[in-house]
Structures are given as C-alpha cells and as structure tokens.
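For reference, the structure discussed in these notes is given below.
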Amino acid sequence: MPEYLPTTPYRGTRDFLPPEMSVRTQVYERLYGVLESRGFQRYDGPVLEPIEIYEAKSSREIVEQQLYTLTDRGGRRLALRPEMTPSVARIIAGNAGKLQFPVRWYSNPNCHRYERPQRGRVREHWQINADIFGSESPSCEIEIFELIHDMLGGIGATPDMWRLRVSDRVLLSSILTDIVELDESLLRGVSSIVDRWEKYPREKLAEDAGALGVTDKQFDRLAETLAGGAAVLDEIPSAVRENSQLAKVLVTDAAGLVEFDPMIVRGFDYYTSTVFEVFDTSPENNRSLFGGGRYDNLVGLYSAQKIPGIGFGMGDVTLIDFLGTHGLLPEPLAEVDVVVIPVEADLADPARSVARSLRAAGLRTSTPLEPRKLGKEITRADKAGARVVVIVGREDWDGGSVTIRNLVTKQQDQVSVDSVGAAVRASLDQAAEDVTGAGGAPSS
RNA sequence: GUGGGUGUAGCUCAGUCGGUAGAGCACCUGGUUGUGGUCCAGGAAGUCGCGGGUUCAAGUCCCGUCACUCACCCCA
C-alpha cells in the first residue's frame, strides 16, 4: 500500500479553485479600479523580510507568537511578512530620493501569521494595502476616508452595511492623562483596556484596570468619558487638538465621512495619531472588517528623513465574509463564451480555425481537447458556462458554413464561415436581452 | 496556549443491539449515423482520519493521536 502525501493545504492556508478565484479576482479588480481612479499606484515587495523590521514597531504579540521565522544559509534571520506596512516603509525610505512626495501607493500582498484559524482569520491572507506617504496634511486623512467610501461602494456595499469609526492616539492620550488624570506610565496598558472596552463586562475591565494601578475614581471617569462618545472632544485642550490630525478633519465637511469614537485604539505600536476601523453592521457578522491609521515615525527607522505615512490594510478573508453576509459576492465567470465543436475528429483543424476567428472578434472561445460525441460536447459546453456552441459538420463545412446554436434560447442557425463572429455576437446579445428582459432586475 | 463540536465515496449524509459498508447528488459509458438539460440501463469511485486496545468479530465500544471547525486569548 503506497503512502500518499496529504492533499489538503497547510493549516490556515487555502487553495483557490477557479470559481473561488474568479470571485476573488472580480472583487479585487473593482477595488484596484477605485484605487487607480484616485491616482493610487500599485507596488510590490518580497514576502521575506529581515525579522528586525517587525521587532521594532509591530505589536508584541505578532513578534513573539505569530511570526513565521527562518534562518537562511548565511545565518540571517528572516520572517514571512505578517503585514505590509513595515515593508512599504522600508521601500519608501530606500527610494525616497527618486519619489515625488506625497505618494499614493497600493498593493495586495499575501501576509502570514502563525495563529489558530477560525472564522475571519487564517494563516495566509491577501491584504490590500493603501497608503499615502510624505504629507502631514489632514487632507491625507480625508483622502483615505473618501477612498474607503469609494472602495466599499465599488464592491456594491451601501453605507448602512458598515461604519467607519475613527479616533486619534493624540486625543486618546489627552483623554487618559488630562481628563481621566492617569499617569503617563499607564497609557499603554489602559489604551489596551479601552481597545477591549466593548467586548468585556465592566467588572472584568475594572479588575484589569485596577491591576495596572488605576483608581476606582479614575476608572469611573474613564467609563463616563467613553460613554459620552464625541462629547469628549470639547473637553480636550485646544493645544492638544492642534496636534491631532483627526481633530482638524472633524471641523471640515469630511467629518460626515466618519464617526468619532474614542474606543477605537488598534493594536499596532507604530500608530501616532489618526486610527480608524471599519465595522460590519450586520448582526450576523458584527466584527471589525479592516482598519489603519497614521504612522509618522515608521520610515524614520530606515533613514534620517521624516516621511509620515497613513494607510490601511483590507484583508480578503473578512472582506469576502462581509460580501457574503450582504449577498454581494459576484458570480464566478464562465469558462468561455463559445465552444466550437467538430462533429468528426478530422474536422479539428477547421474547428480551430473558426475558434481563432471568434477570438479575433473578442469572444472567449475553446475547442474540445478530446473527441467525443456531439451531444456530450454540448453538455460540457453548457456546464462550462458557454451560451453558444458552433458546430462544425462535414456537409456545412464543405459548403462554407457552420451551425451556431444558442444554448439559452435554443435557436439554431446556419451561417457562412465569414460571418461567424458577427453571428455569434448577435446571438449572445439576443440571449442577454432575453435574460434581462425576463428577469426584471432593479435598475440600481 | 485554552475549551467545545465534528471526522464514512468528489459533495451532503445514513449505517439499528458490534457481524468486515449504503443512499442522493455529481462523474463516466450506453440507449446505432450531426444536437445538451428530462428519462432508462450500466459503470467507476471508500486506507470508515490515523494508531493501539477489548472481542471469535469494531465504521460501531475504550484509549491515544491528527485534522477540520467554532469560540476564547489577541487581532486583520
């Protein structure tokens, strides 16, 4: 008995068969289209990076528990990238001399984290990253917020399906030190408690805060402040607000793009000001979809230049879950539009010739790779999603014609070889009209 | 790292009181010459997750293990 190797993909990674790949590709292409319509340019980088670029600024959990690491033959310590931001900061720093700042960049890298797979989380995912580098203007925040609206709109989501909640690390620090009157040494620990605020019972939060050294009075003040939401903005000293990118956005028309919410914190250490997170509003998928923020010091790890950045990462797993929850997933694309079927094996050459002219006419066309009975081939063509087959028979061909059969309308016509492209196209258009006419789909 | 659920054909699952495996769908072939979806007939396809134990006998009982999955932790 031979011992076979496993066919399942490595834990937490996925194979994408053509139908799933088609769905993913269609979603991505819409998103790329939106990004490029706003002048974002695509870049890419290596999946392997020196481990140090994560040790410096990513969250501690990522580095200590979730990094895939390896040592190369030269003894260099490397990691599979768990996220793209450190890489893009490195690329920006290394090429700053030839770039015209500010730049708008995007990418769609696969990223790896060693963790336990569950809904919405795997070990390898693809994450669209969109970032702006080289500007401290709050216009960058507005650009990113508008981009998020456009991207979600571009994949069919309506504004009631999601919420864009924003905060600012500068404002949060002020809330914690000026309003709650915490010592600065507690900032990090208490920020983490704020991050978990919605997910835990009050007693648990109080206990954790107490363990850090937060007094009951301070905790109550914190709870009261967070419950007040945006009202806290008025209490924050104006000198602080001048240092907050987000505060500047919130006094413009663009304030309507977001909801200020002091409970938004996010786990990465490198965020310095604006932070934001998009949530699904559906009760069935009530979760954070993606998020990002401003990181003004990350490029500074690589060079003396001060190049601020702001951006976000949108992962494919949560995005596909979101689209599925709201019934927004596109249908997989059919294999081909047309299959050209020779009735006899020795008509394969004519069939390929007809197929070539159909492709020249812009139609996705295939021919059978193995000879089978005509009926079988029509079945296969139908299952492949072709709406038209072209039948190349001996008598027709000798007389300079072929037969086109529309699998949707069942209409069948004999046409001259010269006009086959136009005839198939007309047949496809007719079938499409029949479908939309009968379906009565809403226009929006 | 912690806890729960589930592992039988490609898929969804059944399998009684232990007696060495079934259905539906899908797939392939045929129902005579160049016409699909229905119908009919036939066919192929299973290390019952894996290892051990109990037993004359294990898909079934016991132990272990692995995988998948959901949740926690944390986060995207």
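Note that this is a predicted model, so its numbers are computed, not measured.
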So what does [X] touch, heavy atoms closer than 4.0 Å: a base, only the sugar-phosphate, or nothing?
{"X": "K373(A)", "result": "sugar-phosphate"}
{"X": "V122(A)", "result": "base"}
{"X": "I341(A)", "result": "nothing"}
{"X": "E277(A)", "result": "nothing"}
{"X": "E395(A)", "result": "base"}
{"X": "D195(A)", "result": "sugar-phosphate"}
{"X": "G375(A)", "result": "sugar-phosphate"}
{"X": "R405(A)", "result": "base"}
{"X": "R394(A)", "result": "base"}

From C-beta outward on [X], which listed nucleotide comes closest to its side chain: [options]?
{"X": "D382(A)", "options": "G37(B), C73(B), U69(B)", "result": "G37(B)"}
{"X": "K383(A)", "options": "U2(B), U35(B), C27(B)", "result": "C27(B)"}
{"X": "R116(A)", "options": "C72(B), G34(B), A76(B)", "result": "C72(B)"}
{"X": "T403(A)", "options": "A76(B), C73(B), U35(B)", "result": "U35(B)"}
{"X": "Q118(A)", "options": "G34(B), C73(B), G36(B)", "result": "C73(B)"}
{"X": "V343(A)", "options": "G34(B), C72(B), G37(B)", "result": "G34(B)"}

Answer yes or no: is there an ion pair linking [X] with [Y], defined by an N-O contact shorter than 4.0 Å?
{"X": "D168(A)", "Y": "R294(A)", "answer": "no"}
{"X": "D429(A)", "Y": "R425(A)", "answer": "no"}
{"X": "R14(A)", "Y": "E20(A)", "answer": "no"}

Round to a whole Å and report the spacing from [atom1] of [X] to [atom2] of [N].
{"X": "E124(A)", "N": "C75(B)", "atom1": "CD", "atom2": "C1'", "value": "18 Å"}
{"X": "E115(A)", "N": "A71(B)", "atom1": "CD", "atom2": "C1'", "value": "14 Å"}
{"X": "R121(A)", "N": "C75(B)", "atom1": "CZ", "atom2": "C1'", "value": "6 Å"}
{"X": "I378(A)", "N": "U38(B)", "atom1": "CD1", "atom2": "C1'", "value": "16 Å"}
{"X": "L374(A)", "N": "G34(B)", "atom1": "CG", "atom2": "C1'", "value": "6 Å"}
{"X": "K376(A)", "N": "G31(B)", "atom1": "NZ", "atom2": "P", "value": "9 Å"}
{"X": "D15(A)", "N": "C68(B)", "atom1": "CG", "atom2": "P", "value": "12 Å"}
{"X": "R372(A)", "N": "U29(B)", "atom1": "CZ", "atom2": "P", "value": "6 Å"}

>> Tell me whether the NZ or CZ atom of R266(A) lies within the 45° cone about the ring axis of Y271(A) and under 6.0 Å from its centre.
In response: no
>> Taking 4.0 Å as the cut-off, does a side-chain nitrogen or oxygen of R380(A) come that near to OP1 or OP2 on C28(B)?
In response: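 Yes.
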> If the C1' atom of G52(B) is compared with that of U12(B), how far apart are they to the nearest Å?
Replying inline: 31 Å
>> Roughly how many Å apart are G49(B) and A14(B), using the P atom of each and rounding to a whole number?
In response: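 One P to the other, the span is 13 Å.
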>> When both hydrogen-bonding distances must be under 3.5 Å and the geometry is Watson-Crick or G-U wobble, what is G3(B) paired with, if anything?
In response: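 Base partner found: C70(B).
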> For T274(A), which of E141(A), Q245(A), R169(A) qualifies under side-chain hydrogen bond (donor to acceptor under 3.5 Å, both in side chains)?
Replying inline: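 Of the listed residues E141(A), Q245(A), R169(A), the side-chain hydrogen bond (donor to acceptor under 3.5 Å, both in side chains) partner of T274(A) is E141(A).
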> Any sub-3.5 Å donor-acceptor pair from Q26(A)'s side-chain atoms to S22(A)'s backbone N or O?
Replying inline: yes
> Between the base of U35(B) and the side chain of E377(A), is there any donor-acceptor pair under 3.5 Å?
Replying inline: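 Checked by distance alone, the answer is no.
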> Among pairs that include at least one residue of residues 317-364 of chain A, which meet ring pair (Phe, Tyr, Trp, His ring centres under 6.0 Å), considering only residues two or more places apart or in two chains?
Replying inline: F322(A)-H326(A)
